[in-house]
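The figures here come from the full heavy-atom set of this structure, side chains too, leaving out hydrogens, waters and symmetry mates. The chains referred to below are lettered A, B, ... by the order of the sequence lines, with proteins before strands, and numbering in each begins at 1. Computed from a predicted model, the values in this text were never measured in an experiment.
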Amino acid sequence: MTRTLTLATWNINSVRLRLPLVEHLIAGWAPDVICLQETKCPDANFPSSSLTKLGYEHIAMNGQKGYHGVAILSRIPFSETGARNFCGKQDSRHIGVKLDLAGTSLAETGLFVHNLYVPAGGDEPDPVANEKFAHKLAFLAELEAWLGLGSGADAAVIVGDLNIAPLPDDVWSHKKLLDVVSHTPIETETFEKIRRDGAWLDVMRDFVPVPEKLYTWWSYRAADWSAADKGRRLDHVWASPGLKPKFTSMEILREARGWDRPSDHVPVIVKLEV
DNA sequence: ATGGTGGGCGCCCCA
């Protein structure tokens, strides 16, 4: 007996302002687990009761006032595995849970879900001139040490806004973005090294190989985001290699960029048979 | 063409 597990990740850019969009996602796609980034909401003000009413009885959050913030909404019970602080800062950029999947093929291990919001890194891709970029690189170094060599061997998924578009076909113009933070060689090479050394599967690219373009983010600053289509794949789903045969679908909800008062990121939804 | 828009918060930070 297998069950379908639907998992979504979305940088929502204010969970309070866009609660109706989260509800729309729930109504249309019914994810079992929703990982949100940039909730911009202290835990005490999180709209938990609205979400609990919709079946998300298990909520893990790591919020702060004004900036960052991550949360995991789940219809499946879990145990929290912690909120990690990176770079000695109190930034709310990670929350982890272990889903209880009793009665499935993952009953023994559970499924670890790590929800991450990697620093954007500012405008100037120079760690000396721009401390935000230095912070991003330091965050990646810590991420590499934490995920560790071969750590993808467990039953785990890493999702979130990783703020790097690693492949040439993850951006609208590889050449034009080589000096743009999110697609510089130091970022893209480090990103792929972390993923490969940890033996993580790039689930999105497993479903849609290069050279097909994949984007999850379109800037607010374009007059017509869809016509210009200057997107980037900043949001990711990584998985332990052993989970590879369990994934049955991956969808980037491009239409969500056209919803009323949208986030600049759209949800990525994957399904697993576990 | 070196802008543009959109959050939270409070007179400016961040994306």
Side-chain angles (χ1 to χ4, degrees), chain A residues 9-25 35-48 61-71 85-87 89-94 115-127 129-140 143 159-166 170-173 175-184 187-188 191 215-236 253-268:
Chain A
T9 179
W10 194 8
N11 178 320
I12 192 65
N13 188 15
S14 173
V15 69
R16 284 174 288 180
L17 186 74
R18 284 187 242 286
L19 183 61
L21 298 191
V22 176
E23 292 170 342
H24 189 64
L25 174 74
C35 294
L36 298 174
Q37 304 87 38
E38 276 207 278
T39 53
K40 295 185 174 177
C41 180
D43 291 348
N45 300 335
F46 197 89
S48 302
M61 56 189 121
N62 177 16
Q64 68 182 82
K65 186 177 179 182
Y67 305 101
H68 324 311
V70 289
N85 285 324
F86 287 83
C87 304
K89 293 175 181 281
Q90 298 304 307
D91 291 356
S92 295
R93 295 185 178 277
H94 168 259
N115 180 14
L116 278 165
Y117 176 49
V118 172
D123 290 330
E124 180 71 24
D126 176 353
N130 172 13
E131 67 179 32
K132 290 181 200 163
F133 195 69
H135 176 218
K136 186 177 196 174
L137 298 182
F139 193 101
L140 291 176
L143 197 59
V159 306
D161 177 4
L162 305 185
N163 262 319
I164 293 172
D170 293 335
V171 293
W172 65 275
S173 169
K175 280 189 179 177
K176 286 194 169 73
L177 289 172
L178 276 170
D179 292 324
V180 175
V181 172
S182 74
H183 195 62
T184 65
E187 293 170 272
T188 59
F191 186 95
Y215 310 141
T216 65
W217 173 92
W218 293 262
S219 172
Y220 283 126
R221 297 178 189 176
D224 185 337
W225 70 273
S226 190
D229 202 22
K230 293 182 174 178
R232 304 178 202 171
R233 182 169 72 116
L234 302 181
D235 303 273
H236 296 272
L253 224 58
R254 180 186 170 107
E255 68 172 83
R257 186 61 180 79
W259 291 351
D260 187 41
R261 297 198 77 185
S263 170
D264 45 355
H265 295 251
V266 300
V268 180

key: Residue list, ring pair (Phe, Tyr, Trp, His ring centres under 6.0 Å) with His94(A), at least two apart or on another chain   = His114(A), Trp146(A)
Side-chain donor-acceptor contacts of residues 255-262 of chain A below 3.5 Å, not counting sequence neighbours, with atom names and distances?
unit_1: Glu255(A); atom_1: OE2; unit_2: Trp259(A); atom_2: NE1; d: 3.4
unit_1: Arg257(A); atom_1: NE; unit_2: Trp218(A); atom_2: O; d: 3.0
unit_1: Arg257(A); atom_1: NH2; unit_2: Trp218(A); atom_2: O; d: 3.1
unit_1: Arg257(A); atom_1: NH2; unit_2: Ser219(A); atom_2: O; d: 2.9

key: Interatomic distance where NE2 belongs to His135(A) and C1' belongs to dC13(B) [whole Å]   = 16 Å
query = How long is the line joining CD of Glu131(A) and C1' of dC14(B), in whole Å?
reply = 13 Å
ask   = In whole Å, what separates the P atom of dC12(B) from that of dA1(B)?
value = 31 Å
ask   = Excluding sequence neighbours, so at least two apart, what forms salt bridge (charged side-chain N to carboxylate O under 4.0 Å, His left out) with Asp91(A)?
value = Arg93(A)
ask   = When the P atoms of dC13(B) and dC9(B) are considered, how many whole Å apart are they?
value = 16 Å
message = Among residues at least two apart in sequence or on other chains, which ones pass salt bridge (charged side-chain N to carboxylate O under 4.0 Å, His left out) with Asp43(A)?
response = none
ask   = Mind checking what makes salt bridge (charged side-chain N to carboxylate O under 4.0 Å, His left out) contact with Arg16(A), not counting sequence neighbours?
value = none
request  = Please measure how far the C1' atom in dG3(B) lies from the corresponding atom in dG8(B), and state the result in whole Å.
outcome  = 23 Å
key: Per-nucleotide protein contact string for nucleotides 2-9 of chain B, where B marks a base within reach and S marks sugar-phosphate only (heavy atoms under 4.0 Å, - for neither)   = --BBSBSS
request  = Check the distance between dC14(B)'s P and Asn11(A)'s CG and give it to me in whole angstrom.
outcome  = 17 Å
Backbone of Gly69(A) reached by a side-chain donor or acceptor of Ser92(A) within 3.5 Å = no
query = For Arg93(A) and dC14(B), what is the distance between atoms CZ and P respectively, to the nearest whole Å?
reply = 11 Å
query = With rounding to whole Å, what would you report as the distance between dC14(B) and dG10(B) at their P atoms?
reply = 14 Å
Whichever of Asn163(A) and Lys230(A) has its nearest DNA chain B nucleotide further upstream toward 5' = Lys230(A)
message = In whole Å, I'd like the distance from the NZ atom of Lys132(A) to the C1' atom of dA15(B).
response = 9 Å
